[in-house]
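Quick note: residue numbers are just sequence positions, from 1. Order of listing sets the numbers, starting from 1, for every ligand and every atom in it.
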Amino acid sequence: MDPRARLLLLLLYGFVLCTGATIAELSYSIPEEMRPGSIVGNIAKDLAIEGRSLISRKARIDTVNEDVRYCDIDIKTGNFMIRERIDREELCGETVTCALKYELVLESPLELHRITVLVQDVNDNSPVFPKDHIKLEIRESADKGTRYRINEADDADIGQNAVKQYFLQNNPHFVLSVRENSDGSKSLELVLDKELDRETENDLSVVLTASDGGTPQRSGTVLVHVTVLDANDNAPVFGHEIYKASLPENSALGTVVIRVSAIDADDGINGEVTYDFSRIAEKAKKVFSIDNKTGEIVVIGSLDFESNFKYEMRVDAKDGYGLSSHCKVVIDISDVNDNSPVINIKSLSNAVAENVPPGTEVGIINVQDRDSEQNGQIHCSIQQKVPFKLVPSIPNYYSLTTTGKLDRELVSDYNITISATDEGSPPLSSSKTVHLSIADINDNPPVFEEKSYSAYVTENNKAGLTLCSVSARDPDWRQNGSVIYSLLATEVNGSPVSSFVSINGDTGIIHAVRSFDYENMRSFKVHVIARDNGSPPLSSNISVSVFVSDVNDNSPQILYPAPEGNSFMTELVPKAAHGGSVVSKVIAVDADSGQNAWLSYHIVKSTDQGLFTIGLHSGEIQTQRDILESDSMKQNLIVAVTDNGQPPRSATCSMYLILSDNLAEMPELKDISYEQKNSKLTSYLIIALVSVSTFFLTFIIIVLGVRFCRRRKPRLLFDGAVAIPSTYLPPNYSDVEGTGTLRSTYNYDAYLTTGSRTSDFKFVSSYNENTLPAEQTLRNSQSDFIDEFQDSFDPLEVGSFLHVKASY
Ligand SMILES: *[C@@H]1O[C@H](CO)[C@@H](O)[C@H](O)[C@H]1NC(C)=O
Ligand SMILES: *[C@@H]1O[C@H](CO)[C@@H](O)[C@H](O)[C@H]1NC(C)=O
Ligand SMILES: *[C@@H]1O[C@H](CO)[C@@H](O)[C@H](O)[C@H]1NC(C)=O
């Protein structure tokens, strides 16, 4: 069957709301009884929508108050087609305009189009008389012109297709009279045209034909059988032509709707009236029944305003001999607020990114209430304090939009309860909870728990020692919040920072990579970066100060007198020196700092106790009294220099003084030596010397005597001030190559004496602790033996010999 569908109107096209929802109205007209599958029209074409986008835009048809889905859309083709047989008579009864209403909903952007399908009547019903034959009993005395009511034929179709004409079979006695009533029905009467004569003809039959106005025409017939009697009757007569009643849809079963009543003037069986529905829709038959005797119409089924709000029926009243009349009953059903609003979530974002701007649409809500008027007016709202609101768009649709900034770190998901209330009394309401989760955005950099970090380490630490740990937090989700630590690649004293410390990327614990030397470096800074794993990653950095603290690991180093025995040195003290004269000075430095470098000087041994004193901190050697003739010419002092560390370290040196005004008076140098009873070396040597033959000893003394006499020239002339010849700087003084310890040179201010004439003397030097082991100083300077054997036994060689030995 080819559809006669045609597009009638395209109204309100492009009705654009702020949300972008459009609304248009399509109207199709179809005949009833179309085969399921027949195409009504192509929605896509009629709305000028691309056919393919129907699927992607989730096109669907929503029905308005309809139990059976008669039409639907084929979203592949855009065709709007019949799904169920449509019987206009069952659907709309006598209502002239029979329309099916649909809504086409499209998403993104949300569009709603109303579709109205007008169902046109088809002449598929023939006129039907209530009975297929009518018995009339007419007294022969009946006058010409007497009228006999005949029940009219009924045709379920409407308009042209309803009953149009009646024809009476040609006969000698009766003609047909058709009268139009005010309610549109017709009164049929047989009019006696020629008197009956029971004696000639006691019964006769005529055929009455009713035909409708459709094409092709349909008709129905009834046989009117007339029995000629001796008496005449009255038909029952109703009090009203139309009875009207109204009752609420929630009326209980058994409720009496209305009572119809007809009175028959006849007596006896002729006056007994019975009632019955003569023309009633199937739907109405299910919910109403009539009491045959009393004419009371009662409710026998449940009423529903939403599916049917008006019933029309015809009631016949018949007396015992079949004479009848009819009336019309109209029952209006009134709405009761018996349907709660229904909330439908039409679309909802799964997870909303926390950085969406306020006003972003995250879902579409549809509300429906089957009740009408006030009972179907819905108010939708969100009662909680959430950053979301409902924005009304097209009727009954709301957009769920954000009202403020979202922050997953504060609230990670929302349960939004949407409540809908109608305006009925009492109002009905319903609610629905929407779960919305917020998706993470990497919007928080890691934050260190402290503003800055400091680590304290004592020098000479082990490599691998834990210095401190840093910690940063990032409240973002998963990899956006996982923190990795690393060191900023900087340089410390020209070396990469990684050669000093390392950091555990996961825990933030900082380890020393090497042993630190306070004398080389007192503090340094490293920068730690905390970076999250987001993309792009966010980071922050912080500085960690590492402070190295001093340990007393350096002994005082004596610069003057020269510790090495390579140049034998004496101080000349004029005999005229008075008590309190400064005659010499011991100069020492200590590479440590603070207390560890606070030096004090003591004379531990002297030839003549009481002649010389030494300044506790200045190291200046003074005479305590005037020098007497009786004082020994050769004076030896052993001075100990001690630092103030815990435990203290010390060094000693020997100082040789000659009390003389005249170099010629200089005694044999061998006598200058100080007999150190405690010196083990000396003891051993003495034992060795004793054990060697006297001859050998005498020989050596003679040889030495000769040698000393030859080189009897003082190297340093001393006039009371202290001068330090550059030759007395420590050997290997600036030579740091090849020692294998510290490559970098380290400058420092030597700690010198105070309160002397040389206190402002600054000794800026480069220092290597390996150059001058304290023990070696002591040993070399104290050794008479080496002095006395210096010609045959070079002390430099002894030094390097000792050095080699120390390194074993
Ligand atoms: C939302 O509801 C779910 C399930 O009822 C529950 O597990 C969750 O904790 C709720 N969330 C909030 C933020 O209340
Ligand atoms: C991390 O943040 C990015 C955007 O910055 C986002 O695309 C990603 O989904 C987030 N990861 C997780 C696990 O939430
Ligand atoms: C370290 O942080 C400061 C601000 O705190 C920033 O200006 C600098 O660029 C950061 N440096 C690195 C290497 O990330």
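- For the pair K405/E354, no side-chain contact is recorded, criterion being any heavy-atom separation below 4.5 Å from C-beta on.
- Using cut-offs of 30° and 60° for the angle between ring planes, the Y102 and F80 rings count as perpendicular.
- We find that R408 and D443 are not joined by a salt bridge, their nearest charged nitrogen and carboxylate oxygen being 4.0 Å or further apart.
- In this structure, S340 and D369 approach most closely via the heavy-atom pair C-OD2, 3.9 Å.
- Distance remark: protein heavy atom not present below 4.0 angstrom from atom 7 (O) of ligand 2.
- The nearest protein heavy atom to atom 2 (O) of ligand 3 is closer than 4.0 Å.
- With hydrogens and angles ignored, the 3.5 Å screen pairs a side-chain donor or acceptor of Q384 with a backbone N or O of T417.
- R83 forms no cation-pi arrangement with Y70, by the criterion of a distance under 6.0 Å to the ring centre and an angle within 45° of the ring axis.
- Ring centroids of F524 and F547 are separated by 6.0 Å or more, keeping the two rings apart.
- With ligand atoms numbered from 1 in the order given, ligand 3 contributes 13 (C) to contacts under 4.0 Å with heavy atoms of L488.
- The atoms of ligand 2 that sit less than 4.0 Å from any heavy atom of Q479 are 13 (C).
- Applying the 4.0 Å criterion to heavy atoms of D413 picks out, from ligand 1, the atoms 11 (N), 13 (C).
- Listed by number with element, the atoms of ligand 2 under 4.0 angstrom from any heavy atom of I441 are 2 (O), 4 (C), 5 (O).
- Annotation: N541 places an N or O atom under 3.5 Å from an N or O atom of ligand 3; distance criterion only.
- The closest protein non-hydrogen atom to atom 14 (O) of ligand 2 is D440 CB, 3.3 Å.
- Checked by distance only, ligand 2 and N442 come closer than 3.5 Å through their nitrogen or oxygen atoms.
- For N480, every heavy-atom contact with ligand 2 shorter than 4.0 Å involves the side chain, none the backbone.
- A salt bridge is defined here as a Lys NZ or Arg NE, NH1 or NH2 lying under 4.0 Å from an Asp or Glu carboxylate O, and K346 with D62 meets this definition.
- In this structure, the protein non-hydrogen atom closest to atom 9 (O) of ligand 1 is N415 ND2, 4.9 Å.
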